[in-house]
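We name chains A, B, ... by the order of the sequence lines, and we start the count at 1 in each one.
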Protein chains: 2
Amino acid sequence: MSGGVEAALHCCVVLTAATGPVPAARLAQLHGVSATYLAKQLQALSRADLVQSVQGKSGGYVLTRPPEDITVLDVVEAVEGTQSTFVCTEIRQRGPLASPPEACTAPCAIARTMAVADRAWRAALREVSIADLGRLVGGDYDTDVLGKVGDWLVSAEP
Amino acid sequence: MSGGVEAALHCCVVLTAATGPVPAARLAQLHGVSATYLAKQLQALSRADLVQSVQGKSGGYVLTRPPEDITVLDVVEAVEGTQSTFVCTEIRQRGPLASPPEACTAPCAIARTMAVADRAWRAALREVSIADLGRLVGGDYDTDVLGKVGDWLVSAEP
DNA sequence: TTGACTCGGACAACATATGTCCGAGTAAGG
DNA sequence: CCTTACTCGGACATATGTTGTCCGAGTCAA
Ligand code: SF4
Ligand code: SF4
C-alpha cells in the first residue's frame, strides 16, 4: 500500500484541532516529512472534496465537512484510488482451453472471493470516522495532544 | 497487489484436477502466461509448503494437502508476503512535537484501525478453501471445466 | 498597487514488481 | 549402471509505480 496514506490520515486528524486554514508546509514540518511530497497527498484529498484549499497570504487547507462525516475509507480511497486491490486479468480467456468471451460475462469465483474480502476491508474502514480517531489518540496519552497541536499551529514560525 | 496472486490461485485450482505431478511449463501454456515468471510464484508456494516439487523426468508440482485444508489466504500470504498492507512509519516520533519513544510502546489509533480492517480482509479469505473454488468454478459453467482440464493435462504435447 | 504567500500540476530519482536466463539435481529409460 | 533428457531453484535485466522535487499560476492580506 502507498505509504502516503498514513500522512494523509495524520493531517486530517490534525486539521480537526485547527481553527483556521493550515498550510501544507506547516503540516509537513509538524510531521517531519517532505513538504513537497505531502502536498501531493493533500491535492488528492482536495480532488476528493475532503478538504478545501484557500489560497492567498494566510491560506491553507480546511476540512469541508465535520469530522464525524469523514470516514477513514474516504481518505484511503482519495489517496490510494478506488479500485480493488485485486485486478482481474481475465486469464481464463487465454491459452488453449480459453473460455469463449460470451461465457465470461460475470466475474468468476476467484474474482468474487477477492471482491468479498475487499468489501469486508472497506466496511471496516468505513466504520471509523476522523472524529473517532481524534478521540482515540486523545485517550492514548495522558496529556491533551490535540490541544498542544492546536497551540503549536498558531504559534509556529512562518 | 501483486498480480501474480491470480496466477497462483488458478494453478492451485488446476492442480486439484490433476492426478500426477504437473510441470510449471504446462501450467504456463495452459494459462497463456510467461513460463519463467510463473515458476517464480510456484517457488513461493513451494517455500510455504503448499505444493511439493518432485524433480526428474516426469516431475512437477503436487499439492501437499487435500484442497479442503488449503485456504485462499494461505496462497495469498505465500505469494504476497505475510505483513500487513499498512506499515507504520512512526511519524509521531518525528517533528517538533514528537512523542517520546517511551510513550510509543503500543500502536496508535490509526495503526489499530488499519490492523482491524486487515484482519477482516484476511478472515474473509480464510473462509474459502481451494476445494470451494473448484466447486464454484464448476458451477459457473454448464460444461465440466475441471474435467476438460484434467484430460488436457495428460494429453498435452511435451 | 504591491507583494509575498498559497496551491496546482509538471518533472526526476528510487523501489518494487515483472519478466528472463542459465546452472544444479533427479528420476526415468535403455 | 550409465546416459539423457527433463525438472526445479535461485541469480540476472527490464518495466511500472511510488517517492521526492521543482517552478509557475492564482489569490488574499496588507
Ligand atoms: S475472473 Fe477469474 S478467471 Fe478471469 S482473470 Fe479474474 S480470477 Fe482469473
Ligand atoms: S503508530 Fe500511529 S502515529 Fe505511529 S506511524 Fe503508525 S499511524 Fe503514525
Side-chain angles (χ1 to χ4, degrees), chain A residues 1-8 11 15 18 20-29 31-62 64 76 78-81 83 85-87 89 91 94 153 156-158, chain B residues 1-8 11 15 18 20-29 31-62 64 76 78-81 83 85-87 89 91 94 153 156-158:
Chain A
M1 163 176 302
S2 167
V5 176
E6 179 183 4
C11 287
L15 284 179
V22 182
R26 198 66 49 84
L27 290 168
Q29 80 178 100
H31 294 96
V33 301
S34 162
T36 53
Y37 178 53
L38 194 143
K40 197 185 272 281
Q41 318 299 341
L42 289 176
Q43 288 169 23
L45 294 182
S46 172
R47 256 167 300 195
D49 280 324
L50 297 179
V51 301
Q52 188 158 14
S53 72
V54 309
Q55 288 196 330
K57 186 146 185 169
S58 64
Y61 287 99
V62 196
T64 56
V76 171
V79 174
E80 195 80 352
Q83 69 179 359
T85 55
F86 179 83
V87 287
T89 324
I91 71 180
R94 300 162 62 178
L153 283 178
E157 295 287 312
Chain B
M1 163 174 304
S2 167
V5 176
E6 179 183 5
C11 288
L15 284 179
V22 182
R26 198 67 49 83
L27 291 167
Q29 81 178 103
H31 295 94
V33 301
S34 162
T36 52
Y37 178 53
L38 194 143
K40 198 185 271 282
Q41 318 299 341
L42 289 176
Q43 287 169 23
L45 294 182
S46 173
R47 257 168 295 191
D49 280 323
L50 297 179
V51 300
Q52 188 158 14
S53 72
V54 306
Q55 289 197 330
K57 184 144 187 171
S58 65
Y61 286 99
V62 196
T64 55
V76 171
V79 174
E80 194 79 353
Q83 72 179 357
T85 56
F86 180 83
V87 287
T89 323
I91 72 180
R94 300 162 61 177
L153 282 178
E157 294 287 313

Q) Rounded to whole angstrom units, what separation is found between the OH atom of Tyr37(A) and the P atom of dA12(C)? A) 19 Å
Q. So do Thr89(A) and Val33(B) actually touch side chain to side chain, heavy atoms under 4.5 Å?
A. no
Q: Indicate yes or no: at least one non-hydrogen side-chain atom of Thr85(A) is less than 4.5 angstrom from one of Thr85(B).
A: no
Q: Look up atom CG in Leu50(B) and atom CG in Leu15(B), then write down how far apart they are to the nearest 0.5 Å.
A: 11.0 Å
Q) Between atom CD in Gln41(A) and atom C1' in dG9(C), what is the gap in whole Å? A) 14 Å
Q) Base, sugar-phosphate alone, or nothing: which one does Ala24(B) contact when heavy atoms must sit under 4.0 Å apart? A) sugar-phosphate
Q.
With nearest nucleotide decided by heavy atoms, which residue, Gly3(A) or Gly56(A), maps closer to the 5′ end of DNA chain D?
A. Gly3(A)
Q: May I ask you to verify if any side-chain N or O of Ser2(A) is less than 4.0 angstrom from the OP1 or OP2 atom of dT19(D)?
A: yes
Q | OP1 or OP2 of dG9(D) under 4.0 Å from side-chain N/O of Ser53(B) | A | yes
(Q) Can you say whether a donor on the side chain of Lys57(A) sits under 3.5 Å from an acceptor on the base of dG3(C), or the other way round? (A) no
Q | Atom-pair distance (CG on Leu45(A); P on dG8(C)), nearest Å | A | 11 Å
Q. Side chain of Gln41(B), backbone of Ala7(B): donor and acceptor closer than 3.5 Å?
A. no
Q: Calculate, to the nearest 0.5 Å, the distance between atoms SG and CG belonging to Cys11(A) and Leu38(A) respectively.
A: 4.0 Å
Q. Which whole-number value in Å describes the distance from Leu42(B) CG to dG19(C) P?
A. 15 Å
**Q.** Interatomic distance, Leu38(A) CG vs dT21(D) C1' [rounded to whole Å]
**A.** 14 Å
Q: Give a yes/no on whether any side-chain N or O of Ser34(A) is located under 4.0 angstrom from OP1 or OP2 of dT21(D).
A: yes
Q. Of Gly59(A) and Ala39(A), whose nearest nucleotide on DNA chain C comes first from the 5' end?
A. Gly59(A)
Q: Ignoring hydrogens and angles, answer whether the base of dG9(C) and the side-chain atoms of Gln43(A) contain a donor-acceptor pair closer than 3.5 Å.
A: yes
Q. When we call it a touch if two heavy atoms are under 4.0 Å apart, what does Thr36(B) touch: a base, just sugar-phosphate, or nothing?
A. base
(Q) Please pick, from dT7(D), dT18(C), dT19(D), the nucleotide with the shortest atom-to-atom distance to any side-chain atom of Gln55(B). (A) dT7(D)
Q.
Counting only side-chain nitrogens and oxygens, does Tyr61(A) get under 4.0 Å of the OP1 or OP2 atom of dG8(C)?
A. yes
Q: Measure from the side-chain heavy atoms of Lys40(B) and tell me the nearest of dG20(D), dT20(C), dC8(D).
A: dT20(C)
Q: To the nearest Å, give me how far apart CG (Leu27(B)) and C1' (dC8(D)) are.
A: 13 Å
Q | From dT20(C), dA10(C), dG9(C), nucleotide with atom closest to Arg47(A) side chain | A | dG9(C)
Q. Hey, does the side chain of Ser46(B) come within less than 4.0 Å of dC8(D)'s phosphate (OP1/OP2), counting only N and O?
A. no
